Amino acid sequence: MSDATTDPQRMEKIVSLCKRRGFIFQSSEIYGGLNGSWDYGPLGVELKRNLKDYWWRKMVHERDDIVGMDGSILMNRAVWRASGHEETFTDPMVDCRTCKARLRADQIPEKEGRKICPNCGGRDLTEPRSFNLMFKTYVGATEDENAITYLRPETAQSIFVQFKNVLDTARKKLPFGIAQIGKAFRNEINPRNFTFRSREFEQMELEYFCRPEQGMELLESWKEERLKFYEDIGIPRDKLHVLTVPDADRAFYSKGTYDIEYQFPFGVQELEGVAYRTDYDLTQHQKASGKPLEYFDEETKQKFIPHVVEPSAGVDRTVLALLCEAYDEDTAPDEKGKQESRIVLRFHPRMAPIKCAVFPLLKNKEPLVAKAREVVALLRPHMHVFYDEGGAIGRRYRRQDEIGTPFGVTIDFDTLGEKGDELKDTVTLRHRDSMKQERVKISDLPQILIAKIS
Ligand code: GAP
């Protein structure tokens with residue numbers, strides 16, 4: 001479906017670029033794929049890593065009040081019973097009796113006031129029934145009831161069940177947070193919109209524990225903090241939307257939830273949820289495990305279960321937003337000065353998979369190649385650098401524009417000192433977005449580029 005706020009053609013171009021340039025491939029592609037699973041190629045993995053590293057830096061390394069952890073994907077089934085996932089982590093599902101398609105009941109289109117199957121147009125649909133989204137599996141050699149567990153559908157629960165261990169070892173005082181990045185799995189009825197709704201994906205979650213009276217205020221401040229994060233990675237504020245989740249749609253234990261949404265080419269959709277979950281999770285686990293999960297307040301000498309505010313972001317959805325935001329088409333002069341169209345990914349330099357490409361003007365001139373290799377060696381300890389000596393220089397620039405490399409450095413005969421000492425050991429630094437070129441000293445390059453990418 002297309003309307004004024006959607007642009008399916010733009011989305012198609014982005015998906016095609018992702019495959020053509022090695023950002024994202026269909027999982028198991030040579031066997032026909034696996035719906036809802038995706039593989040990140042050489043450039044996609046760099047983009048994803050830059051995002052996760054920046055989140056970790058902002059959430060953990062640059063703060064005194066947050067520590068990290070890395071929990072297991074498989075946990076005791078009791079965790080999912082206590083958290084409520086086994087009972088209630090469901091979506092309403094409907095079957096089409098005509099084509100046998102399984103559909104999410106809340107995503108079925110209507111025609112002339114009646115629900116129709118989006119697959120075959122049939123009207124013979126079953127009543128909605130609950131479908132649990134957790135992937136069930138068996139631990140050990142026997143496939144019986146006692147061996148059942150699930151692939152985790154969110155990373156948050158391992159943080160709650162390790163709350164006491166982290167508190168005792170990290171020795172933090174309230175308010176403090178535990179951050180985690182990791183895989184989560186949901187057997188979505190209808191995976192769609194490229195990587196947006198997948199069955200296997202990554203989350204970046206923070207559980208920020210606090211006193212009950214701090215909860216509402218922290219919900220507001222975390223929402224603002226997270227909006228700033230998206231701006232810092234190149235997603236402008238005017239493309240973000242904050243939805244205050246209405247009372248009826250909120251989990252019963254939550255006292256307030258915001259969805260941070262992005263204007264994707266397929267519509268405005270959720271990137272992250274910021275939820276005030278009260279003391280629900282820790283209380284549930286304390287009850288079910290029989291182990292105390294309380295906090296002892298040294299000042300008041302009181303014990304209580306902390307409340308929690310949770311900013312929970314999707315890695316894959318944010319990567320997709322970065323790609324959608326960066327994609328652009330404009331014109332640039334070719335070798336002969338004629339304008340030609342170019343595709344350019346305008347990533348923020350801090351997110352770009354490759355930070356700088358280094359080009360010797362000619363590949364068959366040994367001194368140019370040697371100097372270019374020296375520049376690569378100078379930059380490599382600080383950033384991901386790509387060396388390219390093949391083809392006309394304009395074509396090499398164009399290839400880098402298409403994958404979003406913000407800087408290009410060309411080594412020419414002036415670098416070697418052929419026009420005198422003044423230009424010796426200087427290079428052309430080309431900027432992806434403006435296509436402007438400037439002459440800079442090789443020795444100044446690391447400092448100039450590091451300032452832009454960090
Ligand atoms: N611990 C809270 C929690 O998991 P959620 O809103 O269900 O909350 C948080 O998920 C984030 O995880 C979402 O905002 C989204 O970015 C990401 N996410 C959830 N389901 C996803 C899916 N099927 N595919 C990709 N990302 C997903």
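Here the structure is a predicted model, which means the values were calculated and not measured. Atoms considered below: every heavy atom in the structure, side chains included; atoms not considered: hydrogens, waters and symmetry mates. When a ligand or atom number is given, it counts from 1 through the structure's own listing order.
Counting only heavy atoms of the protein, atom 17 (C) of ligand 1 lies nearest to Gly314 CA, 3.8 Å. For atom 15 (C) of ligand 1, the closest non-hydrogen atom on the protein side is Arg317 NH1, 3.5 Å. Looking only at protein heavy atoms, the nearest one to atom 11 (C) of ligand 1 is Ser312 O, 3.7 Å. Ranking protein heavy atoms by distance to atom 7 (O) of ligand 1, first place goes to Arg186 NH1, 2.8 Å. If you check which protein heavy atom lies closest to atom 12 (O) of ligand 1, you get Gln203 NE2, 3.2 Å. In this structure, atom 16 (O) of ligand 1 lies nearest to the protein heavy atom Leu271 O, 2.8 Å. Here the protein heavy atom with the shortest distance to atom 18 (N) of ligand 1 is Phe201 CE1, 3.5 Å.
Between Tyr280 and Phe252, the ring-plane angle classifies as perpendicular under the 30° and 60° cut-offs. Relative orientation of the Tyr262 and Phe264 rings is perpendicular, given thresholds of 30° and 60° on the angle between their planes.
Between the side chain of Arg10 and the backbone N or O of Tyr327 there is at least one donor-acceptor pair closer than 3.5 Å.
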Test side-chain contact (heavy atoms from CB on, under 4.5 Å) applied to Tyr397 and Gln400, step by step: CA-CA 5 Å; Tyr397 284 149; Gln400 293 305 313; 6.0 Å; no

Residues Gln180, Ser158; criterion side-chain hydrogen bond (donor to acceptor under 3.5 Å, both in side chains); working and verdict: CA-CA 9 Å; Gln180 174 165 219; Ser158 57; 3.0 Å; yes

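The existence of a salt bridge linking Lys173 and Glu299 is excluded, since no basic side-chain nitrogen approaches an acidic carboxylate oxygen closer than 4.0 Å. In summary, Arg346 and Asp330 engage in a salt bridge, as defined by a charged side-chain N under 4.0 Å from a carboxylate O. Looking at Arg342 and Asp401, a side-chain N of the basic residue comes within less than 4.0 Å of a carboxylate O on the acidic one, giving a salt bridge. Here Lys58 does not pair with Glu225 in a salt bridge; the nearest charged N to carboxylate O distance is not below 4.0 Å. Using a 4.0 Å cut-off between charged nitrogen and carboxylate oxygen, Arg199 and Glu188 do not count as a salt-bridge pair.
Under a 4.0 Å criterion applied to the non-hydrogen atoms of Phe196, ligand 1 contributes the atoms 24 (N), 25 (C), 26 (N). Listed by number with element, the atoms of ligand 1 under 4.0 Å from a non-hydrogen atom of Glu154 are 1 (N), 2 (C), 3 (C), 4 (O). Heavy-atom proximity to Glu310, at under 4.0 Å, picks out these atoms of ligand 1: 1 (N), 2 (C). Close contacts of ligand 1 with Glu272, meaning ligand atoms under 4.0 Å from a residue heavy atom, involve 14 (O). Each of the atoms 1 (N), 2 (C), 3 (C), 4 (O) of ligand 1 lies under 4.0 Å from some heavy atom of Glu205. Within the listing of ligand 1, atoms 1 (N), 2 (C) sit less than 4.0 angstrom from a heavy atom of Arg277. Residue Glu270 approaches ligand 1 through these ligand atoms, each under 4.0 Å from one of its heavy atoms: 6 (O), 13 (C), 14 (O). Under a 4.0 Å criterion applied to the non-hydrogen atoms of Ser198, ligand 1 contributes the atoms 22 (C), 23 (N), 24 (N), 25 (C).
Between Ala156 and ligand 1, no N or O atom pair is found at a separation short of 3.5 Å.
Here Glu188 has side-chain heavy atoms under 4.0 Å from ligand 1, and that is the only part of it that gets that close.
For the pair Arg226 and Phe229, the cation-pi criterion (under 6.0 Å, within 45° of the ring axis) is fulfilled.
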